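Just so it is clear, the structure is predicted and the values come from calculations on it, not from any experiment.
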Amino acid sequence: MSGYEFTPHPERVPETNPAASGGPPQPPPPPPKLTARDLLDPGEPGQTIFVPDYIEVRDLAELLGSKPFKVVAELLAMRIFKNADELIDFRTAANIANKHGFIVERLL
């Protein structure tokens, strides 16, 4: 030996979580998606929709910011059997729109 002895530094082990910890932290969950219905505030004054004498269920749902099947379900609750492609009269459309907080006026 040459009088010079080299002792390596002890190896540092990186600090990690134990294997049972489940791995890296999970990202936070995404915020819930907003639908058109969430953006509308029912009952807010000034939310007026204009409806003709007869309107398709699908078109009414679009005006209300709702899905057609939800409007069909409301019609069924009123004992009116219609599908999304059929026409409903102004009075029925106004009843449904009022439940959603809209002011309804007849389109001339």
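- Crowding of K82 atom NZ: a count of heavy atoms from other residues, nucleotides or ligands under 6.0 Å exceeding 12.
- Taking all atoms of both residues into account, the shortest heavy-atom contact from I49 to A97 is CD1-CB, 3.8 Å.
- Shown here is E86, whose CD atom has more than 12 heavy atoms of other residues, nucleotides or ligands within 6.0 Å.
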Should Q47 and I103 be marked as a side chain to side chain contact (heavy atoms under 4.5 Å, CB included) after you check the CA-CA gap, both sets of side-chain angles, and the distance that decides it?
CA-CA 6 Å; Q47 282 191 332; I103 300 167; over 6 Å; no
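- Taking CD of E74 as the reference point, atom OG of S66 lies at 6.5 Å (rounded to 0.5 Å).
- In terms of heavy-atom proximity, A93 sits nearest to V51 at CB-CG1, 4.0 Å.
- A continuous path of hydrophobic side-chain contacts links V71 to F90 [ILVMFWY only; heavy atoms under 4.5 Å].
- Taking 4.5 Å as the limit, every side-chain heavy atom of L75 sits out of range of all side-chain heavy atoms of F81.
- In this structure, the separation between CZ on F102 and CG on L64 is 5.5 Å, given to the nearest 0.5 Å.
- L107 forms part of a hydrophobic cluster together with F50, judged by ILVMFWY side-chain heavy-atom separations under 4.5 Å.
- Rounding to the nearest 0.5 Å gives a distance of 6.0 Å between CD of E56 and CG of D85.
- Between the NZ atom of K70 and the CD1 atom of I96 there is a distance of 14.0 Å, given to the nearest 0.5 Å.
- By the criterion of side-chain heavy atoms lying less than 4.5 angstrom apart, applied directly or through intervening Ile, Leu, Val, Met, Phe, Trp or Tyr residues, V104 is grouped together with I80 in one hydrophobic cluster.
- Two residues are said to be in side-chain contact when any heavy atoms from C-beta on lie closer than 4.5 Å; L60 and I88 meet this criterion.
- Using a 4.5 Å heavy-atom cutoff, the side chains of K67 and R58 are not in contact.
- Under a hydrophobic clustering in which Ile, Leu, Val, Met, Phe, Trp and Tyr are joined whenever their side-chain heavy atoms come within less than 4.5 Å, directly or via other members, L63 and M78 fall into the same cluster.
- Listed by first and then second residue, the side-chain hydrogen bond (donor to acceptor under 3.5 Å, both in side chains) pairs that reach into residues 88-98 are D89-T92, sequence neighbours excluded.
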